[in-house]
Amino acid sequence: MTASSQDPAFVDFRDVWLAYNDELLAQNHFAVEAIDLQVRRGEFIAIVGPSGCGKSTFMKLATGLRMPSMGKILIDSQPVTGPLKISGMAFQSPSLLPWRTTVDNVLLPLEIVEPHRSQFKAKRKEYEERARNLLKKVGLGGYEDKFPWQLSGGMQQRASICRALIHEPKMLLLDEPFGALDAFTREELWCILRDLHAEQQFNVILVTHDLRESVFLADTVYVMSKSPGRFVVRREIDFPRPRDLELTYTKEFTDIVLELRGHIGALRKDGAVINQ
């Protein structure tokens, strides 16, 4: 990565705990606990773990949609006190507005988020050109003026990723973004995300159940324990970039996937904590 070890972490969780309300807090019932995490600028991390372990809760903390009950979160050296404007998000469901064209769906964040909102009318032509260029990069050239119902699921998810990136965020958060797609479409989107990240060097936090996806895309994979969620394994992925899909068929790749699967299998079986 471009950041040196002396640079401050871009994402910095310091002993973060979250209970969803005061009653649960009084009972010491936490959704996530003791989260310590430092992510370099430009780093791509993936978070895996059994269902219900707190992966999505972690995402809410990283975007400022939830405040921790205890501990501190810094993003880009600034304390998180509310929803972040420097992040973009995409989910398993693309959630495109059916009455808007593809390009107008992509433009939506610029109509809502300052400082773009107040400049939108004056800069509409510039913003639309940016959106159309982004759509071309993800293979949607020629579909910019189509409506969501005219797009396949994979096309809709490409548009969703463009919408998350249109305001040029410093951090992209992805919550199971490819989970509903067929295997071939999923791998196509892995490569698109790989190329966008290489070009723009934004930070990525990917939550996924797909271990192959995590190993192919990420610099570092974190395994979360069963609820209350905490990080119990940190696995650096040292394959050089750019990575081709052929890598996923090698023994070295498969060995890491099996190693991670073993950790998650142990967690599902007895909830035991695995040492880093």
Side-chain angles (χ1 to χ4, degrees), residues 1-18 30-63 68 70-76 80 171-176 190 193-194 197 201-241 243 247-248 252-276:
M1 305 308 300
T2 53
S4 74
S5 57
Q6 283 74 41
D7 290 336
F10 182 80
V11 176
D12 192 357
F13 276 61
R14 301 179 182 177
D15 195 23
V16 169
W17 301 60
L18 174 68
F30 295 95
V32 297
E33 64 178 28
I35 299 287
D36 277 300
L37 178 73
Q38 287 74 44
V39 181
R40 303 184 305 275
R41 185 175 299 277
E43 186 175 357
F44 193 133
I45 72 165
I47 299 170
V48 299
S51 294
C53 69
K55 299 186 295 292
S56 294
T57 299
F58 173 83
M59 297 287 264
K60 290 173 186 172
L61 288 164
T63 53
M70 296 184 284
K72 190 173 185 180
I73 302 170
L74 300 172
I75 305 287
D76 199 14
V80 175
M171 180 168 64
L172 179 63
L173 296 106
L174 302 170
D175 195 348
E176 290 286 348
W190 292 356
L193 180 57
R194 171 201 66 194
H197 175 249
Q201 288 293 300
F202 43 76
N203 276 74
V204 185
I205 299 175
L206 168 69
V207 163
T208 181
H209 282 104
D210 188 328
L211 297 179
R212 289 177 66 246
E213 180 172 290
S214 70
V215 176
F216 180 70
L217 287 169
D219 299 303
T220 313
V221 178
Y222 292 86
V223 178
M224 282 192 100
S225 67
K226 289 199 287 189
S227 183
R230 62 191 301 164
F231 291 130
V232 292
V233 173
R234 177 181 185 274
R235 179 61 157 90
E236 291 198 21
I237 310 298
D238 294 326
F239 298 122
R241 295 185 181 276
R243 300 169 185 168
L247 171 67
T248 65
E252 293 81 5
F253 183 94
T254 305
D255 284 349
I256 296 176
V257 172
L258 290 173
E259 175 192 325
L260 291 170
R261 177 165 283 134
H263 290 317
I264 294 170
L267 290 170
R268 293 179 67 165
K269 185 176 178 182
D270 56 21
V273 172
I274 303 168
N275 292 323
Q276 294 189 29

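What you see below is based on every heavy atom in this structure, not just the backbone, and it leaves out hydrogens, waters and symmetry mates.
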How far does OG1 of Thr254 sit from CG of Leu211, to the nearest 0.5 angstrom? 11.5 Å

Taking NZ, NE, NH1 and NH2 as the nitrogens, is one of them in Asp76 or Arg41 under 4.0 Å from a carboxylate oxygen of the other? yes

Do you know which two heavy atoms are closest between Thr57 and Leu18, and how far apart they sit? CG2-CD2, 3.4 Å

His209 side-chain N/O to Val48 backbone N/O, donor-acceptor pair under 3.5 Å: no

Indicate the ring-plane relationship of Phe231 and Phe58, choosing parallel, tilted or perpendicular according to the 30° and 60° boundaries. perpendicular

CD on Glu236 to OH on Tyr222, rounded to 0.5 Å: 7.5 Å

Assess whether side chain to side chain contact (heavy atoms under 4.5 Å, CB included) is satisfied between Val221 and Ile256, documenting all intermediate values. CA-CA 10 Å; Val221 178; Ile256 296 176; over 6 Å; no

Roughly how far, to the nearest 0.5 Å, is the CG atom of Leu206 from the CG atom of Leu193? 7.5 Å

Donor-acceptor check, side chain of Asp15 to backbone of Lys72, threshold 3.5 angstrom: yes or no? no

Atom CD1 in Ile73, atom CZ in Phe13: separation rounded to 0.5 Å? 4.0 Å

Using atom types as modelled and distance alone, determine if a side-chain donor or acceptor of Arg235 lies under 3.5 Å from a backbone N or O of Val223. no

Expected output: side-chain Ser225 to main-chain Arg230 donor-acceptor under 3.5 Å: yes

If you take all heavy atoms of Phe30 and Ser227, which pair is closest and at what distance? O-OG, 4.1 Å

For Phe253 and Leu247, work out which heavy atoms get closest and say how close. CB-O, 3.1 Å

Side-chain donor/acceptor of His263 to backbone N/O of Gly49, under 3.5 Å: no

Pairwise distance CE(Met59) to CD(Glu176) - rounded to 0.5 angstrom: 9.5 Å

Could you tell me whether the side chain of Asp12 and the main chain of Gln38 form a donor-acceptor pair under 3.5 Å? no

Minimum heavy-atom distance Ala62-Ile205, with the two atoms named: CB-CD1, 4.1 Å

Output for pair (Phe239 CZ, Thr248 OG1), nearest 0.5 Å, gives 10.0 Å

Looking only at heavy atoms, what is the nearest atom pair of Val11 and Met171, with distance? CG2-SD, 3.8 Å

Check the pair His197, Phe202 against side chain to side chain contact (heavy atoms under 4.5 Å, CB included), reporting the backbone distance first and the verdict last. CA-CA 6 Å; His197 175 249; Phe202 43 76; 4.2 Å; yes

Taking Arg194 for the side chain and Arg243 for the main chain, is one N or O donor matched with an acceptor at less than 3.5 Å? yes

Derivation and outcome, side chain to side chain contact (heavy atoms under 4.5 Å, CB included), residues Leu217 and Val204: CA-CA 10 Å; Leu217 287 169; Val204 185; over 6 Å; no

Could you walk me through whether Arg234 and Leu37 pass the side chain to side chain contact (heavy atoms under 4.5 Å, CB included) check? CA-CA 10 Å; Arg234 177 181 185 274; Leu37 178 73; over 6 Å; no

Please find the pair of heavy atoms, one from Asp210 and one from Thr208, that lie closest to each other, and give the distance. N-OG1, 2.9 Å

